[in-house]
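Remember, it's a predicted structure, so these values are computed and weren't measured experimentally. One is the number of the first residue; the rest follow in order along the sequence. No hydrogens, no waters, no symmetry mates; every other heavy atom, side chains included, goes into these values.
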Amino acid sequence: MIYWKNLEDVMCQEQSESAIRTGRLEVNLATRVVSVDDQPVRLTGKEYGILELLCQRKGTTLTKEMFLNHLYEGMNEPGLKIIDVFVCKLRKKLAQATGGKHYIETVWGRGYALRDPAGAVAEIARGDPDHPGEKRFQPSHQPARGLTTHPAG
């Protein structure tokens, strides 16, 4: 005999486990619905596929090859640059829905990672979580030391 109360509890638990929240962004992997503050965000299939992979490996840097494998499964794969195009469009849609918040971080020379915008500044200050001990390059606004200028003459 199945009790409806227990069935509802199980269904709610399954739905909550399939939803991944990052800041104001929520991706429900079971229903394939993306929302910001409970308002749906319309994405293409490829944009959703990229966001899905980012959510499943939240905080991890993913390469363009990983995205191609996830989106095309080895069949008729286009060039790597298409991932940049999809990520650019996805970023614009998420920024529009969140009022300018950025969730997808570019890790130069390596790929992309999903980060909570509130924690993004702290992550940069601490360094790259994928490579502890490594510091990310942060340009300084201080003049270079030891360099002198010589008058033209």
Practice task
First locate atom NE2 of H70, then atom NZ of K46, and finally report the distance between them rounded to the nearest 0.5 Å.
Solution key: 9.5 Å
Handout entry: Spacing of CD belonging to E47 relative to NZ belonging to K92, to within rounding of 0.5 Å
Key = 11.0 Å
Problem - Verify same cluster id: L53, V33 (apolar side-chain graph, 4.5 Å) - result: no
Handout entry: Heavy-atom side-chain proximity of L80 to E65 below 4.5 angstrom
Key = yes
Practice task
Before giving the answer on side-chain contact (heavy atoms from CB on, under 4.5 Å), spell out for F86 and D84 the whole-Å C-alpha distance, their side-chain angles and the decisive distance to 0.1 Å.
Solution key: CA-CA 6 Å; F86 290 142; D84 296 330; over 6 Å; no
Exercise for the section: Answer yes or no: is there a side-chain heavy-atom contact under 4.5 Å between S35 and V41? Expected result: no
Problem - From CD (Q96) to CG (L94), nearest 0.5 Å - result: 10.0 Å
Handout entry: Taking every non-hydrogen atom, the tightest pair across C55 and I20
Key = O-CD1, 3.6 Å
Exercise for the section: Kindly indicate, with the supporting measurements, whether the criterion side-chain contact (heavy atoms from CB on, under 4.5 Å) is fulfilled by L54 and V27. Expected result: CA-CA 10 Å; L54 285 166; V27 178; over 6 Å; no
Problem - Spacing of I50 atom CD1 and K89 atom NZ [to the nearest 0.5 Å] - result: 10.5 Å
Exercise for the section: For a side-chain contact (heavy atoms from CB on, under 4.5 Å) with K93, tell me which candidate from T44, L51, V34 qualifies. Expected result: T44
Practice task
Check whether more than 12 heavy atoms from other residues, nucleotides or ligands sit under 6.0 Å from atom CD of Q56, and answer yes or no.
Solution key: yes
Handout entry: 4.5 Å side-chain heavy-atom contact, Y103 and R24
Key = yes
Exercise for the section: Might you point out which heavy atoms bring H102 and A95 nearest each other, and give the distance in Å? Expected result: CE1-CB, 4.2 Å
Practice task
Please identify each residue that fulfils salt bridge (Lys or Arg N to Asp or Glu O under 4.0 Å) with D38, with sequence neighbours left out.
Solution key: none
Exercise for the section: State, to 0.1 Å, how close R115 and T60 come at their nearest heavy-atom pair, and which atoms those are. Expected result: NH1-N, 4.4 Å
Fill in the blank from the handout: Closest heavy-atom pair, Y48 versus N28, reported as atoms and distance to 0.1 Å, is OH-O, 3.7 Å
Problem - Side chain T22, main chain L25, donor-acceptor under 3.5 Å - result: no
Problem - R21 backbone acceptor or donor facing K58 side chain under 3.5 Å - result: yes
Handout entry: Any side-chain donor near an acceptor of the partner, S18 and R32, under 3.5 Å
Key = no
Exercise for the section: May I ask you to establish whether K64 and Y112 are in a cation-pi arrangement, using a distance under 6.0 Å from NZ or CZ to the six-membered ring centre and at most 45° from the ring axis? Expected result: no
Handout entry: Expected output: side-chain R110 to main-chain T63 donor-acceptor under 3.5 Å
Key = no
Problem - Shortest non-hydrogen separation from L29 to E52 and the atoms involved - result: CD2-CG, 3.8 Å
Problem - Closest contact, heavy atoms only, L68 versus P78 - result: CD1-O, 3.8 Å
